[in-house]
Protein chains: 2
Amino acid sequence: MGRRQDLVDTALRLFYEHGIHAIGINQVLQEAGVAKQTLYNHFESKDSLVEAAVEHRDNLFFDWLEGRMNSQPAGREALMEMFDAVHDWFNNRVPTLHRFYGCFFINTCGEYSSPEHPVHKRCAAHKARVFELLKRHALEISTSETEAEELANALFLLKEGAIVKAHVEGDLDAALKAKAIASRMISPH
Amino acid sequence: MGRRQDLVDTALRLFYEHGIHAIGINQVLQEAGVAKQTLYNHFESKDSLVEAAVEHRDNLFFDWLEGRMNSQPAGREALMEMFDAVHDWFNNRVPTLHRFYGCFFINTCGEYSSPEHPVHKRCAAHKARVFELLKRHALEISTSETEAEELANALFLLKEGAIVKAHVEGDLDAALKAKAIASRMISPH
DNA sequence: TTAAAAATAGACCGACTTGTCTACTTCAAG
DNA sequence: CTTGAAGTAGACAAGTCGGTCTATTTTTAA
């Protein structure tokens, strides 16, 4: 698998569970079973490892979500599937994403507040990517670009809200409640 | 004002801006202009100071939000006012809450992931408190407890989603978009 | 088989971490 | 005026931080 990927995997797991500033380089090295010099052979600093971990999580999460949504007909069904997907995530039924500790990107922006910081930007880019995925499906059931944008935005807010509620309050049904609201919004008649 | 409150104020400001694990005790002491022994005279550990900071933010935020909502007639107007209030927050028009760096409680739960941790529990309690405030107003325009609960939940998710979108993506209009969606949900005709 | 590349363990650096301790000063109440 | 509490500055402890360096071993490829 390669030492570099071992480092990124281990770093992501520890960063996601405990936060980034709470985890030291030495702990990552020990749990990955990799020597310190090897890390600094692949990355020029801890920050550089953090960026790699964020990028890895971006691909991991996006590919998984896109895969789940693509398993359904484009449009309404795919959008509803998103809520079922995150419901599985909240309830630890998606090993790929590790145990649920909220959204790694939201958590990370809490530690890198400045919007100018490369790590923060990388997190924003992930969210934008997911939004585009929603918008693509929203277009299938909308009569205009604007309408699609508004629908995607509403579903996006509900999803983000559900993630927060599930993590902070431990509400494991947050995704299903969000889905019920979304369902009413898409076909209210 | 008292040294204890100086410490809590300074700690909250630094924790909110940079995250908790990124800020050391010595930095808090220096910026507060307080001696180290004084801190350990009032608090038994850094964690204890963290709890005090979370509690302080809870009161600061809740009192502010409740005040804003109470400035409007109970029910629909008060619920809509919530979105205007957080819109002002996002755009740094609420000095009491400091510059906007997302939700301190969401950010803090990212650093204290375990739901059993006292700090995490304190954050969850804050969210529950805000939810009850919403529910109280939702009851004014609902025909049943269940309907009020569902309405409060929907508005809560939209608000949390807007906070995340505003912080991570820098979308300063997130609150207004959430308000538009909420408005359609409350009186869809 | 041999030579270069990559990985290893671990010493080492200066700075910083939370927390304790001492000695001195400020200040308010009796 | 005195006594005691509260605050001060700063040394100190034991450990961790990110990062560099050396010396050795393992792996890979020609």
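All chains are named by letter (A, B, ...) in the order of the sequence lines, taking the proteins before the strands, and each is independently numbered beginning at 1. Reckoned from all heavy atoms, side chains included, excluding hydrogens, waters and symmetry mates.
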| request: Indicate the ring-plane relationship of B/His126 and B/Phe105, choosing parallel, tilted or perpendicular according to the 30° and 60° boundaries. | output: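 Correct class here is parallel.
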| message | For A/Glu44 and A/Ala22, find the nucleotide of DNA chain D closest to each by heavy atoms; which residue's nucleotide sits nearer the 5' end? | response |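 It is A/Ala22 whose nearest nucleotide is closer to the 5' end.
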| field | B/Gln37 versus B/Asn41, side-chain donor and acceptor atoms under 3.5 Å | value |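 No, no side-chain donor-acceptor pair sits under 3.5 Å.
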| Going by distance alone, is a donor N or O of one side chain under 3.5 Å from an acceptor N or O of the other, for A/Asp9 and A/His56? |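 Their side chains do contain a donor-acceptor pair, which is all the 3.5 Å distance test asks for.
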| Between A/His120 and A/Tyr112, does the ring centroid distance fall short of 6.0 Å? |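 No: the rings miss the under 6.0 Å criterion.
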| query | Is the distance from OP1 or OP2 of C/dT18 to the nearest side-chain N or O of B/Ser45 less than 4.0 Å? | reply |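 B/Ser45 to C/dT18 OP1/OP2: no side-chain N or O under 4.0 Å.
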| message | Is there a side-chain contact between A/His42 and the phosphate of C/dA6, meaning an N or O under 4.0 Å from OP1 or OP2? | response |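 Checking C/dA6 against A/His42, no side-chain N or O comes under 4.0 Å of OP1 or OP2.
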[X] [atom1] to [N] [atom2]: how many Å, rounded?
X       : N      : atom1 : atom2 : answer
B/Leu49 : C/dT17 : CG    : P     : 14 Å
B/Leu7  : C/dT18 : CG    : C1'   : 15 Å
A/Ile25 : C/dT17 : CD1   : P     : 17 Å
B/Arg3  : D/dA6  : CZ    : C1'   : 9 Å
A/Leu29 : C/dA11 : CG    : P     : 16 Å
B/Asp6  : D/dA6  : CG    : C1'   : 14 Å
A/Leu39 : C/dT8  : CG    : P     : 11 Å

Looking at every strand, decide which applies to [X] at a 4.0 Å heavy-atom threshold: base, sugar-phosphate, or nothing.
X       : value
A/Ile23 : sugar-phosphate
A/His21 : nothing
B/Asn26 : base

Counting side-chain heavy atoms from CB outward, which of [options] is closest to [X]?
X       : options               : answer
A/Gln37 : D/dG7, C/dG19, C/dA9  : C/dA9
A/Asn41 : C/dA7, C/dT8, D/dG18  : C/dA7
A/Tyr40 : D/dG18, D/dG7, C/dT20 : D/dG18
B/Lys46 : D/dT8, C/dT18, C/dT8  : C/dT18
B/Lys36 : C/dG19, D/dG19, D/dT8 : C/dG19

| Does the pair B/Lys127/B/Glu160 count as a salt bridge with the N-to-O cut at 4.0 Å? |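 Answer for the salt bridge query: yes.
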